[in-house]
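Residues take their numbers from the sequence shown, with the count starting at 1. Just so it is clear, the values below take in all heavy atoms, side chains as well, and ignore hydrogens, waters and symmetry mates.
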Amino acid sequence: MNLAINLDTDTAIPATFEPTSAPLPERVRQAIDLLKAIVTDQPTSLVIAYSGGKDSTVVASIALAALAELTQEGRLPADIEHLAVSSNTGIENPVIERHVVRHLKAMRAFVAEAGVPLKAKWAMPSLAESWQVSVLGGRRQMAWPSEGQSQYCSVDWKIKPIDTLKRQHAKSLPKGVRQITLLGSRFEESARRAANMEDQGASTEVVEHQGRLLTYPIACWTTNDVWDFILFSQPFGKGGTFPSYTDSLADVLEVYNSANGECSIVGDSGKRTPCGARTGCWACPYAGRSDESLSNMAKDNPEMGPLLALRQYIVSLRHDASARNFVGTDIKDGGAINISAAGYSGRVLLDLLRACLTIDAEEMERSDEPAFQIITPQELVAIEWSWAVRGLQVRPWEATRAWVEVYHQGKRFPIPSASTNQPVQAGGQALHPLAGETMGSTTTPLMAAAGVTFAASARLEVDPEGAMEMLSIEGDWLAMENTKTPESVANSLLIRGVVSIPASRRSEIDRRLTAVARLREEGVMSWAFSGGRPTLESDDFKLEMAS
C-alpha cells in the first residue's frame, strides 16, 4: 500500500506556484463537474489511486461524489466498473494499514448504497517479490535509496502490483472504454513534486503520459485547501459544501498528528514545516538510522515497539560486510559463479526470521485481534524454498524448525543486538570458475526424483492451505530431520505439491542446486551461512563436477 503520506516538505515550495484565487467551495464544485464531464464525454472508467493520505482522501471524496451524482441523474453506465486501489507491501505501518482498511470499507459501503459500480481493492506484490521472500529469502538486501541505490522496493512492492491490478481491470471493461487514473499530487507540495508533475503535463484535464491517461483534480490546491476540505466535509447528500464518502474524515488528521507528535496543521511554532510526517513500511530504511514518525506512533500504539526495534537492527546491518552472503549460485557462461556482496548471510537471515516469528507470536498473545502478521505460513514455506535453492543454511528445514520452535515449543528469540561494525568495501566482483562442461549430466536434487510429476505455475507459488497443513502436521517431524542435505528440501517441497514453479525455470533450478551441492562438498557454502567475503585465491578454487 502506498501509504507514504510524507509531503516531502523539506524541499522548498516552487516559486512559480500560484494558488487559485477562486473560493474553495467553487473549486470543489468545478472538480466534481469536471470529473462528471470526463466520465460522460466518452465511455470511461475512473481509477482512484488511494494511499490513505490527506490528498488522496480528498480526491477519493470528490470522485465518489461525482459518480454518485451521475447515478442519481441516471447518467452513469451500469456496465462500466470503476476502481479504487491502494497498495499493500506486506510490511505496512500497522496504524496506517488499519486507517486504510477503514476507509476502503467506507468506500465499499458508500458505493453499495449509492448504486455506483466501483470496487475498492488492495494491490500486493507477488510472493516471490515480497519483502518476506526476496529479503528474508536471501535474494536481496534492503534497498537504500537515501544512499543513491535503486528504489526497487517502490517498483516491485507498489508500482508493479498497482499496474498489474489496473491491467486486469482494463481487460474486464467493455471494448472501447478508456481508463483514467486520478492522482492527488499537487504543485505546492515540493519543488521536486512540481517538476515531476510538469514533466507529466499535470492538469485537472486528462493528460497522457507514457501510455497512461491521468488527471490531477487538486493539482493547484494549497495544503490549507486540503485541510479545510477534510475538517469541514460532510457525508454526501447531507447538504455539505465538501462531500465525503464517510461520516467524518477527521481521523486523517489524527494519523498525521500521531506521526508528527504534534498538531499537523500548525506545525511546531515555525520550527518545522507542518504535515511533514512520513509513514510507510515499518522496515523502510529511507528515514535513516531513526524514524521519528514511527517512534512517535509507537508511544500510543504498543504493537509498533517491536517493529521499530527490528527496523533499527536491520538499519545497523547496512555497512556490515560480515552480515552479507558473498557466494553466488547462479552459474555464468563458462561455469563461473559470482563472489560478491549479495543478500544477507544465512546466519543473519535465520536470526531475522526467528525474531519476526517471535514478534508475531507475542502480538497474538497481546491481542485477540493482532495488528499484523509479518510471516504467514505461505511466506514461511517460500523462504524455506529460497534458502534451499541458494544453499544458505547448514541444516535442512531450518525455516520450518524456527516456526516449530516458536509456535509449537513456545520458544522466544530476541531481536539481535545492533551491529557496530564499521563500513568497509563490500562490493567488488570476482568470478571463480566451476568446470561447467559436464554440469548438464550431473545428478541434481531435482533430477534425482525422475518420474515424479511436479506442478508447474506461471511463477513461484505456494499453496496456502498446503503450507499450513505441512507446518501443523509434519512440522515437528521435519524439524528433527538432520540426515539429508539442505538442498534436498527443494525437491521435497515440490513432491509434496506445496511449491510449484514455472516449467521454464526447471533447468535453471537444477543447475543452481547442482552448484550448491558441489560447493557444499568443498566447504564453500559455509561462507554463505557465516557471512563475509571468502578469502580465496582464484587458482585454489576450481571444482571438477562429477558426471
Write down the atom of [X], the atom of [Y], and the distance for their closest heavy-atom approach.
X    : Y    : result
F229 : L24  : N-CD2, 4.2 Å
V389 : R512 : O-CD, 2.8 Å
L136 : C356 : CD1-SG, 4.2 Å
S56  : A49  : CB-O, 3.6 Å
I80  : T44  : CG2-O, 3.4 Å
G137 : W387 : O-CD1, 3.4 Å

For the backbone of [Y] and the side chain of [X], can you confirm whether one donor and one acceptor N or O come within less than 3.5 Å of each other?
X    : Y    : result
N93  : L294 : no
T215 : P217 : no
Q179 : K166 : yes
Q378 : V462 : yes
N325 : A342 : no
H99  : G52  : yes
N296 : E292 : yes
R311 : C284 : yes
W282 : L308 : no
Q132 : G90  : yes

*Hey, mind stepping through V39 and R75 against side-chain contact (heavy atoms from CB on, under 4.5 Å) and telling me if it holds?*
CA-CA 9 Å; V39 170; R75 297 195 295 144; over 6 Å; no

To the nearest 0.5 Å, what is the distance between [atom1] ([X]) and [atom2] ([Y])?
X    : Y    : atom1 : atom2 : answer
S185 : I218 : OG    : CD1   : 8.5 Å
H169 : R167 : NE2   : CZ    : 14.0 Å
R511 : R505 : CZ    : CZ    : 13.0 Å
L213 : T181 : CG    : OG1   : 8.0 Å
I415 : R354 : CD1   : CZ    : 14.5 Å
I48  : L183 : CD1   : CG    : 11.5 Å

Should [X] and [Y] count as side-chain neighbours, where that means a heavy-atom distance under 4.5 Å?
X    : Y    : result
K54  : L249 : no
E205 : L34  : yes
S134 : W157 : yes
P243 : I32  : yes
M197 : H209 : no
Q141 : R318 : yes
P125 : K160 : no
Y50  : M107 : yes

*asked:* Centre-to-centre under 6.0 Å for F242 and F232, is that the case here?
replied: no

Step through the shown structure and confirm whether more than 12 heavy atoms of other residues, nucleotides or ligands are within 6.0 Å of [atom1] on [X].
X    : atom1 : result
E465 : CD    : no
E113 : CD    : no
R459 : CZ    : no
K36  : NZ    : yes

*Among L76, L64, V47, whose side-chain contact (heavy atoms from CB on, under 4.5 Å) with H82 holds?*
L76

*T400 versus E384, side-chain donor and acceptor atoms under 3.5 Å*: yes

_Any donor-acceptor pair under 3.5 Å linking the side-chain atoms of E379 with those of T376?_
yes

*Run the side-chain contact (heavy atoms from CB on, under 4.5 Å) check on W131 and T89 step by step: do they pass?*
CA-CA 8 Å; W131 177 83; T89 64; over 6 Å; no

Regarding [X] and [Y], does a basic nitrogen lie under 4.0 Å from an acidic carboxylate oxygen?
X    : Y    : answer
E363 : R366 : yes
R29  : E69  : yes
E92  : R98  : no
D225 : R186 : no

*Determine, stepwise, if the pair V177 / E81 fulfils side-chain contact (heavy atoms from CB on, under 4.5 Å).*
CA-CA 10 Å; V177 176; E81 189 175 71; over 6 Å; no

*Take V28 and T241 through the test side-chain contact (heavy atoms from CB on, under 4.5 Å) and record every step on the way to the result.*
CA-CA 8 Å; V28 170; T241 305; 5.8 Å; no

